[in-house]
Amino acid sequence: MTNTTGFEWRPFLRRWSGEWSDSVCEDETWTAEEEAALRDRWLGFPPASEERIAAMERRLGRRMPPSYREFLRVTDGWQHAGGFVTLLAGTAEARWHDNESGLADMFEEYLDEDSGPDERREAELWRRGLQLDVESDGTYVVLDPEDVDEDGEWAVYTWAGWRAAPPERFATFGEFMREMHREFHRLRANPAEGEPEFVNDTTRELDAGVEQARLDALRGGWERAERALDRAKEYGRPRAAGMGDQIRRVLGQTYMVSFEGLASDPRYAPELLPPLVAEQAAHSYRDDSTLEFDLRGATADVVSLAYSTLEQVRNGTYRYAPTGQFGEAVEQARESARWGDTDGAWRTLMDALPLWQPLGPDHLAPVGWVADPLLGPLLTPERGAELLSTPRGGQTGATPPRSAALDPDNLAWLAAPDGHMGRTSYRFVLVEGVEPEDLPRRLADGTDATLDAPMTSHEAHRQRRDGRREFSSYDDRALMAVGRAGPGWSFAFDHDPAPFAPQRFVSPAAAAGEGTRAVVLWSGLRNWHGEPFFHLSVAQDGIEEYAFTYAGGETHRTGRIPRALNPNRFFAPMRAARERTQEKAVETERSLLEAIHNEFGAHLPRHALTTGRLHTFTTRSWTRPPAAGETYAVITMNWERADATPTTDD
């Protein structure tokens with residue numbers, strides 16, 4: 001008969017039978033059929049004739065799917081399909097399941113009015129399916145006559161209560177059997193004491209593929225390597241999962257990434273423990289003791305290192321510190337990242353990557369940096385692919401194209417609807433010719449004139465709230481992130497400013513511009529909870545040169561404003577618009593930001609401000625002290641109560 005599926009059953013089943021025969025212990029007890037299988041190195045039975053297959057189909061009232069028919073022509077049934085099906089049905093044993101297991105009733109109990117068609121078909125499967133398991137360890141195998149593809153193949157479903165998972169689907173019987181062969185390999189891959197070594201043509205071929213994948217990965221061919229490692233992992237080959245997880249983690253994937261025992265190896269622990277514990281730290285609901293599940297077999301020293309690293313990751317003090325020239329580049333990258341130049345930090349890492357050396361034969365890429373509080377935010381899937389495509393570890397290959405920069409060379413990105421984390425108001429100070437460390441001295445007083453450790457915006461605001469006990473409705477001290485704003489400029493940026501109060505606002509431009517030039521900008525043009533506003537002020541050598549404020553539909557100006565920044569150019573069209581729209585606000589804001597960038601040449605690092613960690617400090621108030629007769633509120637917080645006390649300045 002003609003083979004219609006293109007899959008050669010006989011050599012596949014012969015190889016499987018030989019591998020099984022070589023893997024069993026001599027002192028086990030076998031049935032007569034199993035004894036014959038060992039003697040003949042054949043887990044199957046005599047082939048079924050076409051007449052026998054036709055008689056089966058008449059009995060069942062359906063023509064069998066192509067891959068199952070061709071299987072029967074080679075062997076009329078099968079022993080030890082995977083690890084949990086002892087006997088698989090041939091022509092005589094196959095029968096309609098007809099809810100013999102009671103699984104239809106069980107699955108129907110979970111149905112409700114919100115259950116979809118797929119869930120209902122899943123329940124009905126156990127009434128209509130053709131049962132193929134004859135003897136098994138609590139495992140059911142059925143062919144579904146209603147899940148048929150264009151080639152007439154029926155899907156196979158398996159279910160075992162001890163797996164605590166939904167039924168597993170295979171598109172064809174042939175696919176199911178190939179998976180059972182892989183399952184057999186996975187269960188034999190690590191023989192217990194007293195069991196024969198599991199080595200055969202399949203394992204030798206896969207292990208050679210793993211070694212080639214290692215070299216391919218180091219040469220930059222990570223996609224080819226990943227495919228080979230994934231295939232070897234399906235067969236349970238050692239090394240495959242641990243190396244494949246490194247590729248996935250560099251691409252930003254964390255689900256089910258455990259490095260498969262490599263993190264427990266003292267050689268690799270310094271590199272692989274940090275990303276492992278970082279995922280634990282990211283999910284505070286997890287019991288930390290579950291970390292030891294991924295460290296099975298680890299020494300007490302490695303477990304201790306894991307917990308100390310976890311503590312460092314949680315409190316933000318972990319530092320990725322490899323040795324050698326690559327380690328020197330990592331330090332340079334950290335220095336760039338902490339001042340907002342994440343694109344420059346990434347280029348420093350990539351330029352030095354060819355100098356990186358693996359810690360051992362199963363180490364494919366530097367991974368520990370993803371847990372570093374400053375370097376971790378550099379990762380994107382595109383950058384991960386660039387890293388993996390770069391030859392390293394003493395190997396050579398083609399240099400990959402550079403991944404795109406994440407920071408636009410402008411200020412206009414702030415005007416995008418989602419440009420600044422969806423916020424509609426922000427403010428910043430630009431200071432020329434000074435380092436970011438100098439900004440607190442210019443904008444803050446006393447103990448506030450120091451920089452906090454780098455934090456995300458969310459972390460910084462939470463820390464500030466936790467540390468404050470008194471709040472004034474008149475006080476407007478800004479929490480600002482600092483960094484470099486391009487060549488020659490530093491910035492201080494407030495992600496979440498207080499409401500704009502034009503009558504009490506005092507620009508910090510003059511104080512910031514002592515001995516240099518400073519620019520202050522505060523935008524709320526897309527402020528849909530109140531009147532739109534915009535302020536710009538510029539100071540030179542401690543004196544404000546010019547400023548304008550747009551609020552309440554009016555523009556107030558002082559000094560000689562350059563023509564390029566004339567507020568009429570921007571706000572006249574906005575006032576002339578019959579109705580205020582989001583599009584008009586965005587257009588006006590973008591035009592202003594473009595003009596300010598063109599005038600001063602400074603820009604802000606989008607990636608660092610929205611995703612990364614930056615140093616922060618708290619400025620002096622942006623509002624003047626209350627005048628005589630002005631009423632304000634002071635809220636004092638303590639652990640037992642909160643007081644709101646109205647106060648009048650006499």
Side-chain angles (χ1 to χ4, degrees), residues 213-222 225-226 242-252 257 259 262-263 265-278 305 309 312-313 316-403 405-406 454 607-608 612-613:
R214 182 185 74 85
L215 295 173
D216 286 341
L218 292 174
R219 292 165 182 163
W222 66 271
E226 185 179 38
M243 288 196 281
D245 277 356
Q246 293 173 58
I247 292 175
R248 278 181 279 279
R249 189 61 188 88
V250 172
L251 292 172
V257 167
F259 307 113
L262 285 183
D265 188 324
R267 284 179 300 176
Y268 305 114
E271 188 80 54
L272 301 183
L273 277 180
L276 194 63
V277 303
L305 177 61
T309 306
Q312 292 171 15
V313 169
T317 60
Y318 170 70
R319 299 291 181 268
Y320 178 57
T323 59
Q325 291 178 285
F326 183 69
E328 294 173 6
V330 166
E331 282 304 307
Q332 295 172 20
R334 293 188 79 259
E335 184 66 14
S336 296
R338 79 184 182 106
W339 300 121
D341 185 11
T342 55
D343 284 337
W346 181 252
R347 292 270 55 88
T348 298
L349 285 177
M350 289 302 95
D351 290 345
L353 185 60
L355 302 173
W356 173 83
Q357 291 295 324
L359 297 177
D362 293 349
H363 194 191
L364 297 186
V367 184
W369 64 272
V370 303
D372 188 293
L374 288 173
L375 299 178
L378 303 181
L379 181 63
T380 66
E382 293 75 20
R383 283 178 165 176
E386 181 190 358
L387 186 154
L388 293 170
S389 300
T390 302
R392 56 200 179 275
Q395 300 297 318
T396 59
T399 301
R402 289 189 168 192
S403 55
L406 299 179
H607 189 65
R613 287 178 167 85

CZ-CE distance between Arg347 and Met350, expressed to the nearest 0.5 angstrom: 7.0 Å
How many angstroms lie between atom CD1 of Ile247 and atom CG of Leu387, to the nearest 0.5 angstrom? 11.0 Å
N/O donor-acceptor pair under 3.5 Å between Glu386 side chain and Arg402 backbone: no
If you take all heavy atoms of Gly393 and Pro358, which pair is closest and at what distance? CA-CD, 3.7 Å
Taking the side chain as everything from C-beta on, heavy atoms only, tell me whether Leu251 gets closer than 4.5 Å to Pro381. no
Donor-acceptor pair, distance only, cut-off 3.5 Å: does the side chain of Arg267 make one with the backbone of Gly360? no
Taking Arg319 first and then Glu331, would you say they form a salt bridge - that is, a charged N and a carboxylate O separated by under 4.0 Å? no
Before you tell me yes or no, could you show the steps for Arg248 and Glu226 under side-chain contact (heavy atoms from CB on, under 4.5 Å), namely the whole-Å CA-CA distance, both residues' side-chain angles and the distance that decides it to 0.1 Å? CA-CA 9 Å; Arg248 278 181 279 279; Glu226 185 179 38; 3.9 Å; yes
Identify the heavy atoms of Pro274 and Thr309 that sit nearest to each other, and give their distance. CA-CG2, 4.0 Å
Judged by atom type as modelled, is there a donor-acceptor pair below 3.5 Å linking the side chain of Tyr320 to the main-chain atoms of Leu375? no
Less than 4.5 Å apart, any side-chain heavy atom of Val330 and any of Pro322? yes
In this structure, CG of Asp362 is separated from OH of Tyr268 (nearest 0.5 Å) by 4.0 Å
Over all heavy atoms of both residues, which pair between His363 and Leu218 is shortest? Give the atoms and the distance, please. O-CD2, 4.1 Å
Test Met243 against Gln246 for side-chain contact (heavy atoms from CB on, under 4.5 Å), laying out the working first. CA-CA 5 Å; Met243 288 196 281; Gln246 293 173 58; 4.1 Å; yes
Does His607 use its side chain to pair, donor to acceptor, with the backbone of Pro377 at less than 3.5 Å? yes
Identify the two heavy atoms, one from Glu271 and one from Val367, that lie closest to each other, and give their separation to 0.1 Å. OE2-N, 2.8 Å
Under 3.5 Å donor-acceptor, Gln312 side chain and Thr317 backbone: no
Nearest heavy atoms of Ala278 and Val313, plus distance in Å: CA-CG1, 4.0 Å
Measuring from atom CG of Leu262 to atom CG of Leu359, what distance do you get when rounded to the nearest 0.5 angstrom? 11.0 Å
Check step by step if side-chain contact (heavy atoms from CB on, under 4.5 Å) holds for Trp356 and Leu349. CA-CA 10 Å; Trp356 173 83; Leu349 285 177; over 6 Å; no
Quick one: closest heavy-atom pair of Leu305 and Ala269, and the distance? CD2-CB, 4.3 Å
Rounded distance (nearest 0.5 Å) linking atom CG of Leu355 with atom CZ of Phe326: 9.0 Å
State the CG-CD distance between Leu406 and Glu382, to the nearest 0.5 angstrom. 8.0 Å
Return yes if some donor-acceptor pair links the side-chain N/O of Arg392 with the main-chain N/O of Ala217 below 3.5 Å, else return no. yes
Candidate pair Leu379 and Arg249, rule side-chain contact (heavy atoms from CB on, under 4.5 Å), full reasoning: CA-CA 10 Å; Leu379 181 63; Arg249 189 61 188 88; 4.0 Å; yes
Just wondering, are more than 12 heavy atoms of other shown residues or ligands nearer than 6.0 Å to CD in Gln325? no
Presence of salt bridge, Arg383 and Asp343, under 4.0 angstrom: yes
Could you tell me how the ring of Trp369 sits relative to the ring of Trp346: parallel (under 30°), tilted (30 to 60°) or perpendicular (over 60°)? tilted
Using the side-chain contact (heavy atoms from CB on, under 4.5 Å) definition, which of the options Leu388, Asp245, Leu364 pairs with Val250? Leu388
